[in-house]
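Every chain is numbered from 1 and lettered A, B, ... according to where its sequence line falls, protein lines coming before strand lines.
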There are 2 protein chains.
Amino acid sequence: MSEKTISKAVIKRLPRYYRYLGELRLQGVKRISSGELSDQMQVTASQIRQDLNNFGGFGQQGYGYNVSFLFDEIGKILGVDTRKNIIVMGAGNMGQALTKYTNFRSYGFDIIGIFDVDPNLVGRQVNGIYIQELRDVKMFVESHHVDIAVLAVPKEAANTTAEHLVELGIKAFWNFAYTDLQLGPDVVVENVHLLDSLLSLSYGIKNHSNQNPVL
Amino acid sequence: MSEKTISKAVIKRLPRYYRYLGELRLQGVKRISSGELSDQMQVTASQIRQDLNNFGGFGQQGYGYNVSFLFDEIGKILGVDTRKNIIVMGAGNMGQALTKYTNFRSYGFDIIGIFDVDPNLVGRQVNGIYIQELRDVKMFVESHHVDIAVLAVPKEAANTTAEHLVELGIKAFWNFAYTDLQLGPDVVVENVHLLDSLLSLSYGIKNHSNQNPVL
DNA sequence: TAGATTGTTAATCGATTAACAATC
DNA sequence: TAGATTGTTAATCGATTAACAATC
């Protein structure tokens, strides 16, 4: 790789820029300066310029940034320009809720399969998608292009499930199971540990000074 | 406040310590050194000791940390020692899934109410709790002690809903709506922006070097 | 051109890691 | 006591902010 690696902190901020720019675009705003965006987003203008310049000079001196152009560029950086196929492992509360949540589709993410071990669930439909037997996932992955697997299985099953999918060639996991996956270095994992989030809120209740939300 | 404020980075790591210690305790492990915990958690021993010492000397030289004691102490810091009542605003996919997710209860969080504007949902039960009219939330909050409100409403409704609840005295929000709430400084907000999480995973797919998951 | 605002370097700040004296 | 390991200070590293020259 020739490009310098981008820090995790920067990457975590990109979706938020993307969201604000998307809203500005919808409002018909054509251009924006780092100063104006700074006011709206409550981050420093300096940070905005630094962050964006990790990926290239998207602005123009004396003018600012073209909202629509910058929105598209950040979209490309985030990979929203190519659609992604997703399978959901586990058709419990969370698996079903995520499958029903249609908004991901408008950002290029298509849920194309959902799997569970429970025979009572298999055959039911969630958002027009039939729940399939977990054992059929191999056949499914071999006959469909799958970019991302959502892990919405019990934590005891999470790592085994993921390892199985890694063998089938899946390299990206959106992990809702409350455990840290042990997978190879070429596998990408994004954890959503809801209890961690709730616990840090709980901490904040006791210590509610003027701390800002973690964005 | 006399105590020095703890950095957000430290707070975000506490639930993970809590989880590992809880598992060690279940496994019957009585004591652990920062070095051993470091191996398991893949963080430096130095960081573990620094983090814990923000809150007090929980260990003992030459011995390490008593697992059960440390678990309880971190639990207290996170506020798990006092039960919290939660209401869920919005009985859509996410609101229902969170209400059904019974595991929060074992950490001291009780969901005691769920509200929606949709008359088709009102009166139905979710996990034994009747969905109530949104307009009845005032009466409910005035007659029940509510610590936390979950915002699982559409993003357009999130800020208004939250402001209303702030007037009723609620000071902590677990926000699943895809927007940044504008609330007063004495209100605590913890955001769960799932799309942000998915987008950063999407970024990682393109750039899957040996980056570790964001824990 | 003059004014505005970026891109980028330099300075500051904070967080992580290393080291080691204290002490169990 | 000797060995182990913490608590804590000092050193390093990285991220954020400030400043300003480049330039539209």
Output a table of donor-acceptor pairs, distance under 3.5 Å, between side-chain atoms of residues 68-80 of chain B and any protein atom two or more places apart or on a different chain; print 'none' if there are none.
unit_1, atom_1, unit_2, atom_2, d
B:Glu73, OE2, B:Lys76, NZ, 3.1

Walking DNA chain D from its 5' end, the first of A:Val10 and A:Arg49 to be reached, judged by nearest nucleotide, is A:Val10
Closest-nucleotide 5' rank along DNA chain D - winner of A:Ala9 and B:Gly57: B:Gly57
Is the shortest side-chain heavy-atom distance between [X] and [Y] below 4.5 Å?
X	Y	value
B:Leu198	A:Glu190	no
B:Ile86	B:Leu98	no
B:His145	B:Lys84	no
B:Leu181	B:Leu151	yes

Check: [X]/[Y] side-chain N/O donor and acceptor closer than 3.5 Å:
X	Y	value
B:Tyr178	B:Asp196	yes
B:Asp147	B:Asn85	no
B:Asn54	B:Gln50	no

Test side-chain contact (heavy atoms from CB on, under 4.5 Å) applied to B:Glu163 and B:Leu183, B:Leu168, B:Val187, the passing residue: B:Leu183
Please list, in 5' to 3' order, the outermost nucleotides of DNA chain C lying under 4.0 Å from any heavy atom of chain A. C:dA4 to C:dA10
In residues 58-67 of chain B, what residues come within less than 4.0 Å of DNA chain D, judged by heavy atoms? B:Phe58, B:Gly59, B:Gln60, B:Gln61, B:Gly62, B:Tyr63, B:Gly64, B:Tyr65
Within residues 20-35 of chain A, the residues having a heavy atom closer than 4.0 Å to DNA chain D are none
Considering every strand and a 4.0 Å limit on heavy-atom distances, what is the contact class for A:Ser46: base, sugar-phosphate, or nothing? base
All heavy atoms of A:Phe173 vs all of A:Ile170, minimum pair found to be CE1-O, 3.8 Å
State, to 0.1 Å, how close A:Ile114 and A:Ala91 come at their nearest heavy-atom pair, and which atoms those are. CD1-CB, 3.8 Å
Where does DNA chain D pair, written as one dot-bracket string 5' to 3', with Watson-Crick or G-U pairs under 3.5 Å, ( ) inside the strand, [ ] for crossing pairs and | for another strand? ..||||||||||||||||||||||
Given the side-chain rings of A:Trp174 and A:Phe109, with only the six-membered ring counted for Trp, is the space between their centroids under 6.0 Å? no
Pairs where residues 27-54 of chain A contributes a residue and the test salt bridge (charged side-chain N to carboxylate O under 4.0 Å, His left out) is met, not counting sequence neighbours: A:Arg13-A:Asp51
